[in-house]
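Remarks on the structure that follows.
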Amino acid sequence: MPLIRTLLALAFIMLGIIFGALNRDVMHIDLFFTTLQASIGLTVLLVLLIGCLLGGLVVMATVVWPMRNALSKAEKAAAKTATEGNVSP
């Protein structure tokens, strides 16, 4: 399985390099305080990476963290129940 992941990652890296090399035209990115110049390929790849990172953060905040909190509460309740069940009158 790690070999397949590595090969897949290398394939996507190579596709990104090829995409960047084929889109060398320069574009101007106008920000509020400055203007940047970058190739179209680099710009598209960076925007895609930023979108993936922001999407991952949204999923973490809306799904993973609440589920972790619910799991820790359930584990604490299970531990409390287990300790109360072992005490005999």
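Quick caveat: nothing in here was measured; it's all calculated off a predicted structure. Along the sequence shown, the residues carry numbers beginning at 1. Basis for what follows: all heavy atoms, side chains included, without hydrogens, waters or symmetry-related copies.
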Which value, rounded to the nearest 0.5 Å, describes the distance between [X] atom [atom1] and [Y] atom [atom2]?
X     : Y     : atom1 : atom2 : value
Ile18 : Asn23 : CD1   : CG    : 12.0 Å
Glu75 : Arg68 : CD    : CZ    : 11.5 Å
Leu48 : Leu53 : CG    : CG    : 9.5 Å
Leu22 : Ile40 : CG    : CD1   : 12.0 Å
Asp25 : Ser39 : CG    : OG    : 9.0 Å

Sub-4.5 Å side-chain heavy-atom contact between Thr34 and Leu31: yes
Test applied, side chain to side chain contact (heavy atoms under 4.5 Å, CB included); reference residue, Met67; option that passes from Asn69, Val63, Val64, Leu71: Val63
Residues Val44, Val47; criterion side chain to side chain contact (heavy atoms under 4.5 Å, CB included); working and verdict: CA-CA 5 Å; Val44 169; Val47 168; 5.9 Å; no
Which heavy atom in [X] sits nearest to a heavy atom in [Y], and how many Å separate them?
X     : Y     : result
Thr6  : Pro2  : OG1-O, 2.8 Å
Ala38 : Thr43 : CB-OG1, 3.5 Å
Pro66 : Ala61 : CD-O, 3.6 Å

Hphob cluster co-occupancy, Phe19 + Leu42, side-chain heavy atoms under 4.5 angstrom: no
Cluster overlap Ile17 with Leu46, hydrophobic side-chain contacts below 4.5 Å: no
